[in-house]
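Below, read A as the first sequence line, B as the second, and so on, with proteins coming before strands; counting in each chain starts at 1. Only a predicted model underlies this, so the values are computations on that prediction, with no experimental measurement involved.
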Protein chains: 2
Amino acid sequence: MVTIADVARAAGVSPSTVSYVLSGKRTISETTRRKVHRSIRKLGYRPNAGARALASSRTNVLALVAPLRTDLNVPVVMQFVGAAAAAARAHDHDVLLLTADEGAEGLDRVAASALADAILVMDVEAGEPRVPVLRALERPAVLIGVPDDCAGLTCVDLDFTAAGAACVAHLADLGHRHVALIGPSPAVYRRGTSYAGRFLRGFEREAADRGALTTALACVPTYDGLRDCLDDLFARRPPVTGLVVHNEAVLGPLLSELARRDRRVPRDVSVLAVCPPDLARSHEVPLTSVDIPAAELGELAVELAMRQLDGHGEPEVRLLPPRLEARGSTGPPP
Amino acid sequence: MVTIADVARAAGVSPSTVSYVLSGKRTISETTRRKVHRSIRKLGYRPNAGARALASSRTNVLALVAPLRTDLNVPVVMQFVGAAAAAARAHDHDVLLLTADEGAEGLDRVAASALADAILVMDVEAGEPRVPVLRALERPAVLIGVPDDCAGLTCVDLDFTAAGAACVAHLADLGHRHVALIGPSPAVYRRGTSYAGRFLRGFEREAADRGALTTALACVPTYDGLRDCLDDLFARRPPVTGLVVHNEAVLGPLLSELARRDRRVPRDVSVLAVCPPDLARSHEVPLTSVDIPAAELGELAVELAMRQLDGHGEPEVRLLPPRLEARGSTGPPP
DNA sequence: TTGAAAGCGCTACCAA
DNA sequence: TTGGTAGCGCTTTCAA
């Protein structure tokens with residue numbers, strides 16, 4: 001193993017000088033810097049992470065608590081994680097992956113044993129039970145999602161309230177008078193997942209403002225679940241003419257089931273999805289959608305964590321505005 | 001911050017004794033052990049990971065290189081990662097997540113800077129470019145997937161060759177004479193992803209053995225891509241009566257497109273999927289499938305890594321036998 | 001602009 | 001069965 005002492009010896013300088021060359025925390029003459037870098041390269045030196053962490057109290061690791069269930073919106077989680085990992089690397093940090101089922105104890109463990117400098121927490125619930133622990137943590141944390149009680153915490157998310165409203169606005173503008181929400185699995189609502197409730201709230205408020213009728217259903221993400229939803233929705237009067245789907249897993253089943261029932265999109269019924277754009281485009285009828293900017297959120301979360309580590313960085317709630325893109329699955333009601 | 005010295009003082013013992021209580025590497029009297037544990041609990045002591053790593057040359061971290069693309073079989077990746085993380089925790093280890101695009105350099109970095117004790121590598125290609133680096137690494141590694149040149153390496157995977165063969169055997173047993181493979185995206189083949197080729201090989205060899213006709217297509221994972229495949233397949237003579245789908249993303253589109261073309265499953269055409277069982281069950285017609293045991297593989301990979309860290313653990317290639325479950329989407333040809 | 005050296009908190013060897 | 005203590009490899013203060 002090559003140590004900093006080896007490099008120092010080879011370069012004819014002291015270990016501290018090598019350290020300063022690497023950290024840039026001291027001005028170093030051009031000559032010395034070059035000598036040191038040459039030795040580093042020649043010897044293939046890599047600072048030992050443990051030693052560095054011990055001496056500096058900085059691990060250069062970000063912990064990320066991700067929900068690795070499959071009931072959830074898997075590609076979105078994936079995109080977020082990927083973007084966060086990339087952003088972390090751009091800041092010379094690595095990502096330690098925790099699963100959500102470690103709970104608050106996991107946060108405590110990672111923080112107290114100094115495994116990571118900061119913690120990102122995905123899949124935040126409205127009445128998030130981990131909030132007290134996160135507050136007590138002596139390390140920066142960024143929540144992805146906004147708990148009801150978020151004072152003093154840094155949170156990022158899509159503005160789901162605005163997203164719900166935007167969906168209704170789009171359909172109402174087209175003339176729809178009864179719009180339905182095919183929402184996430186009942187389990188998601190039961191967990192009190194923060195975004196589900198906020199979307200629903202925005203959805204209903206906007207409908208109320210515009211005097212439109214709404215029906216909101218939680219949908220089990222299976223073919224059967226979807227069919228039950230449709231049976232319910234199409235029995236209602238006045239007829240539902242616009243569907244907002246906040247549940248990616250049922251988009252495919254929905255479209256095939258509509259086809260089977262001979263309801264054309266958008267002639268007979270409009271469909272508006274809340275999902276990543278690539279998914280919206282991959283269907284038979286390209287779907288009008290409100291984007292879930294997972295990658296952007298991942299990057300932003302890391303950015304805010306780094307800022308807190310740098311000392312700036314007040315607690316703040318950062319909500320990205322929804323972007324609706326019309327792609328042809330929505331139109332005027334029949 | 002609570003240190004081992006604080007605990008020692010509170011318990012009236014030496015720091016080394018506390019260390020030994022924690023590691024179990026020395027026999028400790030019941031009285032002492034209790035005193036120490038009490039102090040640990042009272043003070044809320046957590047060993048500092050960096051210090052521990054520095055002193056013991058063990059990080060208790062497993063690095064996992066995961067492909068975080070969305071073109072890939074996302075839920076399978078997710079399941080694997082989740083299972084690996086859980087298994088790692090069961091062995092008192094954490095998981096450091098690397099993205100595949102860090103390449104060989106990433107492996108080197110993590111190994112040389114002692115960020116992890118061992119490395120798990122997903123998404124292995126046949127002509128895996130990282131193999132030389134992995135061999136040179138002074139740390140245990142487990143590949144998920146089997147490169148052509150795997151001498152001296154530890155690999156785990158589903159036996160995709162056997163899986164391909166099992167699919168053909170199942171359909172041939174039912175009487176099908178022309179079976180088609182709807183394979184992964186051309187991009188997957190182009191990358192030389194190890195499992196894709198092995199599956200195809202098993203598929204074709206078994207067909208040859210049984211004198212069955214085959215057509216194999218790479219399928220772009222979009223609705224259009226799937227439709228192109230079907231157009232091609234159904235133009236063939238003698239008619240294709242059995243479809244093996246090794247591409248989860250198109251399962252949904254396939255079923256709705258078949259419905260649209262008025263081909264009943266399994267009356268007119270049999271469909272056999274290669275995918276996790278929950279996915280197979282979530283369609284309108286529950287699908288006969290060969291399971292992709294992602295969770296099992298994740299656990300096994302961790303197990304093999306731990307074994308190598310313990311000193312036992314010869315390099316080996318471990319292939320899990322495929323399990324085919326009939327669920328009603330396959331039957332005799334019309 | 002550079003060097004010397006005192007820790008960081010823990011493990012594990014050497015003694016008792 | 002336990003204690004003392006020398007490192008592990010790095011950062012950072014103090015001195016020059």
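When rounded to the nearest whole Å, the span between CG of A:Asn60 and P of D:dT11 equals 10 Å. Counting to the nearest Å, the P atom of D:dC8 and the CG atom of A:Asp6 are 11 Å from each other. At whole-Å resolution of the value, CD1 in B:Ile4 and P in D:dT5 are 16 Å apart. If you take CG of A:Leu22 and C1' of C:dT2, they are 16 Å apart, rounded to a whole angstrom. Computed from coordinates, the B:Ile28 CD1 to C:dT11 C1' distance equals 13 Å when rounded to whole Å. Rounding to whole angstrom units, CG of residue B:Asp117 and P of C:dT11 are separated by 14 Å. With rounding to whole Å, A:Glu30 atom CD is found 10 Å from C:dT2 atom P. Look at CZ on A:Arg58: it is 19 Å from C1' on C:dG9, rounded to the nearest Å.
For the pair B:Gly12 and A:Arg52, nearest-nucleotide mapping onto DNA chain D gives the more 5' position to B:Gly12. Residues B:Leu54 and B:Arg33 both approach DNA chain D. Their nearest nucleotides, taken by heavy-atom distance, put B:Arg33 toward the 5′ side. Comparing A:Arg26 and A:Ala55, the nucleotide of DNA chain C nearest to each residue sits closer to the 5' end for A:Arg26.
Within the structure, every side-chain polar atom (N or O) of B:Ser57 is placed at least 4.0 Å from both OP1 and OP2 of C:dT11. Put simply, A:Ser56 has no side-chain N or O that comes within less than 4.0 Å of OP1 or OP2 on D:dC10. For the OP1/OP2 pair of C:dG9 and a distance below 4.0 Å, the side-chain nitrogens and oxygens of B:Thr3 include no atom meeting the criterion.
Only one option out of A:Val65, A:Val76, A:Val77 pairs with A:Met122 in a side-chain contact (heavy atoms from CB on, under 4.5 Å); it is A:Val77. A side-chain contact (heavy atoms from CB on, under 4.5 Å) with A:Ser39 is found for exactly one of A:Val13, A:Val7, A:Val21, namely A:Val7. Checked options A:Val188, A:Leu158, A:Val124, A:Ile144; the residue passing with A:Tyr195 is A:Val188 (criterion: side-chain contact (heavy atoms from CB on, under 4.5 Å)).
Between the side chain of B:Thr17 and the base of D:dG3, no donor-acceptor pair of N or O atoms lies under 3.5 Å. Within 3.5 Å, no donor on the side chain of B:Tyr20 pairs with an acceptor on the base of C:dC10, nor the reverse.
Summarising the local packing, CD of B:Glu30 is surrounded by more than 12 heavy atoms from other residues, nucleotides or ligands at distances under 6.0 Å.
Closest to the side chain of A:Tyr45, from the set C:dT2, D:dC10, D:dT1, is D:dC10. Taking the side chain of A:Ser16 as heavy atoms from C-beta on, and the options C:dC10, D:dT12, D:dG9, the nearest nucleotide is D:dT12. With D:dT12, C:dT11, D:dG3 as the candidates, the nucleotide lying closest to the side chain of A:Lys25 is D:dT12. If you check D:dC10, D:dT2, C:dG9 against the side chain of B:Met1, the one that comes closest is C:dG9.
Judged purely by atom type and a 3.5 angstrom limit, B:Arg307 has no side-chain atom pairing as donor or acceptor with the backbone of B:Gly313.
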